[in-house]
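So the structure is just underneath, and the comments pick up after that.
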Amino acid sequence: MTLLKLEHVTKRFAGLVAVNDVSFSVDKGEIVGIIGPNGAGKTTLFHTISGYHVADEGVIEYKRKNIRGLKPEIICEHGIARTFQIVQPFGNLTLLENVIVGAFNRHKKYSEAKAVAMEMLEFVGMKKRADVRMKDLTFPEQKKVELARALATEPELLFLDEIMSGLNPTEVQEMIEIIKEIRDRGITIMFIEHLMAAVMSLSERIIVMHHGEVLAIGKPEEVKENPAVIEAYLGGAV
Amino acid sequence: MSLWLFIQSLIDGLLMGGIYSIMAIGLTLIFGVMGIINFAQGALMMLGMYVTYWAFTLAGIDPYLSLPLSAIALFILGALIQKGVLERVMDAPDHNILLITFGIMMIIENTALVLFSPDFRSITVPWLSETIKMGDYVVSKPKLIAFFISMSVALLLYWFLQKSYLGKAIRGTANNKIGAALVGIKSKRINYITFGLGAAIAAIAGSLMTPIISISPSIGHTFILKTFVVVVLGGLGNVLGAFVGGLIIGVSEALAGAAFSGTLNELVIYVIFVLILIFRPKGIFGGGS
Amino acid sequence: GESKDNFRETDSQQDEATEETSGSEQVDVIKIGSLHPLTGPQASEGQEMRDAIQLAIDEVNENGGIKSLGGAKVELIDSDSENNPEKGIAEVQTMANAGVVGIIGPYTTAVALAATQEAERIGVPFIVDVGSADAITERGFKYTFRIQPPASKFPEAFLKYVPQLNEEYGVELKTVINAHEDSDFGTGMANVLKENAAAAGLEVLDTLPHPFDTADLSSDVNKIKAQNPDIVSATTYLNDGQLLVETLIGANVKPKAIIGMASGAFSNAKFIREQTDINQYIMDVNYAMNPNSELTEEVKKKYEEKYNKGLGPNAAISYTAAKVLLDAIERAGSTDRDKIREAIAETRLTDHILAQEEIVFDETGQNVNAQPVVNQIIDGRSYVVMPEPYKERDAVYPLP
Amino acid sequence: MLKVENLQSGYGQIQVLRDVSLEVKEGEIVSLLGANGAGKTTTLRTISGLIKAWSGTVKFNDVLITNEPPDFIVRRGLIQVPEGRQLFTDMTVLENLELGAYTPSARKNLKKNLEYCFELFPILKERIKQPVGTMSGGQQQMVAIARGLMSEPKLLILDEPSIGLSPLLTEQVFDTIKEISKTGISILLVEQNVEQALSFSDRGYVLENGSIVLEGTSDELLANEDLRKAYLGM
Amino acid sequence: MKKKWVLIGLLLVFLFTFPLYSTNYLLHIGIITLMFAFASQAWNIISGYSGQFSFGHAAFFGVGAYTSTVLLVEYNVNPWIGMFIGAIIAAAIAFVLGFLTFRYKLKGAYFSLTTLAFAEILRVFVKNTDFFRKTMGIMIPLDINPFWYQFQTRVGYYYTILILTIIITVIVYLISRSRLGFNLIAIRENEDAAQSLGVRTFKNKMIAITLSGGLTAFAGTFYAQYLLFVKPETVFASDISVSILMPAIVGGVGTVAGPIVGSFIVTPLGELTSQMFSNLAGTNLIAYGVIIIIIILFMPEGVVGRYHDWVNRRKKGNKETQEQKESVTS
Ligand SMILES: Nc1ncnc2c1ncn2[C@@H]1O[C@H](COP(=O)(O)OP(=O)(O)OP(=O)(O)O)[C@@H](O)[C@H]1O
Ligand SMILES: Nc1ncnc2c1ncn2[C@@H]1O[C@H](COP(=O)(O)OP(=O)(O)OP(=O)(O)O)[C@@H](O)[C@H]1O
Ligand SMILES: [Mg+2]
Ligand SMILES: [Mg+2]
């Protein structure tokens, strides 16, 4: 079943086309990786889908409903959650309180929200530090809490923007497991990442962006071999 | 409204606007660039007025000659305030800084009250007291001078902030303190300079106004609210915006004063303010939404 | 109605405080309170008034204190109202607890309303020196007295005197524009002026309010210029009044007369003395000191010597208020607040410095004979030019 | 060149570093490795004077710089490209780079260094007028590195410079680091890209819970079983 | 936790029995303190919790004071009822203000200054409107009867404002633990992040400002009834706005106890300094300014924030030493 569908989506910033005529769709239960050079428009694409930017052109459908132009909070209520490439913590709140905010998306009662939040913190392995203030964490740690926070909103579709940056290979491995488990809980995932190891092992499909356009879509192996992708993005690596 | 009334009001409004501008320029530096909501700005201006007043009364120094004196004196005081107090709260939330500057205002004002007594004082400078008459229209000399100095200060400060290394360092420090430290900026010193400059400009405003109005320790109150309005109207930290914002407020106040009865002209400036902000939430030069 | 009798609190604390001072008549010091704005924009006037009260007290002390109380000395407890009603209430309380037998104050209406109400609750006599709203003495309070004439008296006097001036000097100045500060003080007078002008044969072309701390009056002056009235009348404080005159001159506006109504500038000693290049022939309908009394000269001199500033009419009123209170204490021969209140109510003071008949209070507590006179500034001095018997010299009317 | 001895520091009451000692010699590339939250960034911040050392010493070119203000340290040529980038986001790319060359010595070579940075990251030249805050994450990282280079470092400290960079650019940045190092500039590098980092470092230290638990040449470290397990996931 | 409730209980006992052993003067100070505690608590909702810093709460205070007074004087409406009508009108005005500002995403200083401008607009409007008797103000006729919100002695006023303050504190406490409260704090801390978590920022801010404005009006009515007159320059003054925000900042913004604790510091402090420095006018305000600055320098998170910090640190300290012990043994 198609969960998310983009048709000819374009987003411009004064003279610069950051996302250019992008079309693709994502099925329920998939894990889709997005890669592309810096400034290719990946984050802008996430922002556009999740309502932080309004697409200048094109159609964005989620569960057959047009969500283009809706506000981020409404899109979240529809079931799309996200994390940020540049972390957006509630710095003065504790980790628990950070996640409770997310949990309140589906739960009205404090006690319920708190229970959900605790569960999510435990899930990402941060429960121990539930009472620490968010601003006292390192960036990778904050990203984990952001993940817990996003999960606490109980989404069906989850966007992760470079959630593994700053993790060492072992930690990346752990994160990969966590993401797989999220998928196993029935949540569809789109993620942006520059760590090829992670991208290759997680993605069922990969979308490659370049200059705001989709350069290639396909299975990891196909994409890896694509000369255009190698030229623009991978270089000699991997 | 007759044509005469319209044009005369326009002239008066522009000139008064120049005064609001010069007040706002100092504030926009402190408020917009450093992020300090400085309630004490009016009190600093008041001190500038007293410097000019005493220089004139005790030593017969012309107000425009004592202008550098009051600027330097207040620069030093501003830097000391930054060093003594504000430096310690630069990272604190805005509302704390706000209350601190409120406290500073009380201290300065009441110290002036104790030292100088609450009496209203004014100076009469012979060569300034004649107005310039052009037919039926009159132009106040000290206001005209204030207008041009205000404009020059705006342009100079704009150039300084945008083009000079020190100016960039000031903006950089305001934008990211850690970043500034990591490129070798002495951010503490930069902050002394910035706050000092803001205070010095307040002093210039005060000196320019001394021939125009009577001074007393609480004179700052007359201007502070309007000055805040002008700063926001021009866009925080935008020096040219502050200048233009001052003119807008001055002119609209004068025209509304001519058109309406009562003190509704005060209403008009606030309504204009709210309207402008609604359509240009970052001030007139801040780029609309 | 009957509720008013209930208004006084029967607070044990309060009674104790009173008893302390009233129990025996062997007292060493008698305290009286002053409540004025000593900080903020009104501080200049407030401090002048406080100083005048101190002067009156010093005089009594130098002359052997309160004789009926065995020469007890009088002490001033002064307090800062910050021109804030709540603060006024608190200060009345503090002073009452400190044992004052009467309070003098407070300059602005807002504080006057709150403070007199508090004094009424406690039962401590409160003499309003300056505080203009008619309402202050219209609430049926027993402990409130007022020296200055109520606000409505000024425009009434204005409307009486101007036709007289017209007649005496054979001119027809008919049209008036009234520029006034926009608190109840100026607005109240402007209203009365507007309402009653026609009956006096005058026409009010416009009334132009401004905030007392304004920095610019060019709008108002432009409007005056555009309408060209015979008379510019003004109710102002000091700095706005001065600004008004400066702006009028700067804009080359030449009315045939500038006449203040209780102007804080045109009767201000400093303005009169120092602003000679702009103040020539400006008139003011205001309460004033009696120029023909030697006592006035003496008090003025003492005040000047002691405080190095001129005695203005506000301070003169405060001085008089203190005199009234001290006189009442002397006659009461007691520090009992009620007895003093009664003594104040029975005041008949002829030996005073104001330009008015004997000081007598009516049943509302208003000094009934309080009356404004017409002053005119001539060559750096203010003269009473109307009415008899206070008149010092002829007016220069209209402006040459 | 840089000598850190028995450094202790932390945030508020919480101690992070416990007796950290390390050394970077003239012209060396040294890697500082460690898990998330081990204290790498804290070490670098303490060296640069951004947070106070509780005890211990930092010497740079034989000058004691412990607890000197950051600008003092920067003026001596110890430059850091920090975690979180710490850019002047409201200012343009060009202004950021100009401020990079704030110290008098760096200011002299502003033009030349600017050219060098633009050569390295051509996109920055295209975007000199763009406010940095509106740039993509990777682009911002480029500005951060470029700003560091503008300062004419003698010792360049890089806290995870490859964060957010595409593989191609990561490669390029590592090449640049090698190149810089060849011009005689010493490098202290924190990287999660452990294998790659060690491949061109001379030596490395491993930090765990605020203490150095392992040190050695890159080859030694790469051969270390524990390290491979802990950081390379194998 | 338990300790906290004992503390609150003791405080309540103290507050309720206060009139028994206080003087009239202290009672007056107590009343003013509670009144600003109340208003500051209301301010706390929009400015403390959701971080939208209002400089203009005098607007709502003034509307409360004027509404009940005009209704009483002109239409003989009982102030107890007028108080609620005042709150509704203030809430409506707050709603409009919120709509104009939040709809167009005004934030930070831009929002603060707009609120200030709004208060000024109301002040200038009232002082130019005949219906409100311009600057003459309106006197409330004396009619001492609790039914008409006038009390024989201060004690009645004291209990009225005490109960109002307790009610608003309970309301704020409930908000702080509710979804609304978390949403507001999230907005304060990071609006983008809040949105990503489904927090309807506009709606929540609208609720907060409406509630805050409406509640502030109760303090206004109280003030009018206590002084028995209203004037534009006393109830719409920017001084009132400052008096409203000061307790919360000194006590700790965004905390339930902050505004109360803050008011019990700020108001009596003003009195204390003016008693102690009564010799030379102005020195009292200098002292006051100095003390306020010192408090903020040393307790940047407010007195309550400071207390929390201290408690947390103790807890954490204990835990930490425990952990260290454990790690040593293992
Ligand atoms: N500002 C701060 N206040 C309090 N604690 C902090 C602060 N910054 C970091 N910490 C804590 O100090 C410890 C060490 O942090 P540090 O940033 O040095 O780690 P790191 O090794 O750089 O990790 P990473 O790989 O995640 O960047 C962590 O537990 C972190 O939570
Ligand atoms: N608010 C904005 N205003 C102007 N330009 C912008 C804005 N946001 C992004 N851009 C530009 O749009 C382009 C795409 O940016 P985007 O953040 O989507 O890149 P990205 O693919 O996520 O890159 P990275 O991998 O570095 O994160 C970049 O050139 C960036 O500079
Ligand atoms: Mg990105
Ligand atoms: Mg780190």
Side-chain angles (χ1 to χ4, degrees), chain B residues 1-2 4-9 11-13 15-16 19-20 106 109-110 113-114 117-122 124 126 129-133 136-143 209 212-223 226 250 253-266, chain C residues 37-48 80 83 180-182 187 190 206-227 237-243 246-253 264-265 268-271 274-278 307-309:
Chain B
M1 203 191 312
S2 69
W4 174 83
L5 186 55
F6 178 79
I7 293 180
Q8 181 65 49
S9 301
I11 295 171
D12 290 330
L15 294 183
M16 202 57 210
I19 305 245
Y20 295 148
M106 286 178 89
E109 242 178 59
N110 288 290
L113 181 91
V114 172
S117 90
D119 292 353
F120 284 93
R121 298 159 191 269
S122 57
T124 313
S129 47
E130 279 282 295
T131 43
I132 303 167
K133 301 197 171 70
D136 255 354
Y137 300 107
V138 295
V139 177
S140 142
K141 260 189 227 161
K143 282 189 188 169
M209 257 181 289
I212 303 171
I213 57 174
S214 309
I215 63 179
S216 72
S218 59
I219 188 74
H221 291 273
T222 304
F223 293 93
K226 259 181 220 159
E253 190 181 41
L255 291 182
F260 300 113
S261 66
T263 44
L264 285 171
N265 56 338
E266 289 180 72
Chain C
L38 304 181
T39 55
Q42 324 269 19
S44 177
E45 285 90 341
Q47 296 200 1
E48 273 176 24
D80 180 11
N83 199 13
H180 64 87
E181 71 83 41
D182 71 349
T187 310
D206 207 349
T207 47
L208 306 171
H210 61 260
F212 78 96
D213 61 352
T214 187
D216 178 35
L217 285 171
S218 43
S219 278
D220 293 5
V221 167
N222 290 341
K223 279 184 177 168
I224 293 173
K225 193 173 185 179
Q227 298 178 69
Y237 289 93
L238 174 57
N239 67 323
D240 52 332
Q242 183 175 328
L243 187 62
E246 281 169 353
T247 316
L248 281 170
I249 292 172
N252 213 10
V253 182
N268 179 284
K270 210 169 156 211
F271 177 80
E274 292 176 12
Q275 300 297 325
T276 43
D277 41 358
I278 58 170
Y307 300 108
N308 194 24
K309 57 189 172 193

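Reminder, nothing fancy here: chain letters follow the sequence lines and each chain counts from 1. Reckoned from all heavy atoms, side chains included, excluding hydrogens, waters and symmetry mates. The model shown is predicted, which means the values in this text are computed figures rather than measured ones.
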Shorter than 4.5 Å, heavy atoms on both sides: which option in [options] has the most such pairs with chain C?
{"options": "Val114(B), Leu113(B), Asp136(B)", "result": "Leu113(B)"}
{"options": "Thr222(B), Val138(B), Ile19(B)", "result": "Thr222(B)"}
{"options": "Pro217(B), Ser261(B), Ser122(B)", "result": "Ser122(B)"}

Report yes if the side chains of [X] and [Y] come closer than 4.5 Å at any heavy-atom pair, otherwise no.
{"X": "Val139(B)", "Y": "Ile11(B)", "value": "yes"}
{"X": "Gln242(C)", "Y": "Phe120(B)", "value": "no"}
{"X": "Trp4(B)", "Y": "Asn222(C)", "value": "yes"}
{"X": "Lys309(C)", "Y": "Ser117(B)", "value": "no"}

*Does Asp220(C) use its side chain to pair, donor to acceptor, with the backbone of Leu217(C) at less than 3.5 Å?*
no
*Spell out, as yes or no, whether a donor-acceptor pair under 3.5 Å connects the side chain of Asp80(C) to the backbone of Leu38(C).*
yes
Checking [X] against chain C: side chain, backbone, both or neither under 4.5 Å from a heavy atom?
{"X": "Thr124(B)", "value": "side chain"}
{"X": "Tyr137(B)", "value": "neither"}
{"X": "Asn110(B)", "value": "side chain"}
{"X": "Lys141(B)", "value": "neither"}
{"X": "Glu130(B)", "value": "neither"}
{"X": "Phe260(B)", "value": "backbone"}
{"X": "Glu109(B)", "value": "neither"}

*Heavy-atom pair count under 4.5 Å with chain B, highest-scoring of His210(C), Gln42(C), Lys225(C), Glu48(C)*: Lys225(C)
*asked:* Using a 6.0 Å cut-off, check whether atom CD of Gln227(C) has over 12 heavy atoms from anything other than its own residue.
replied: yes
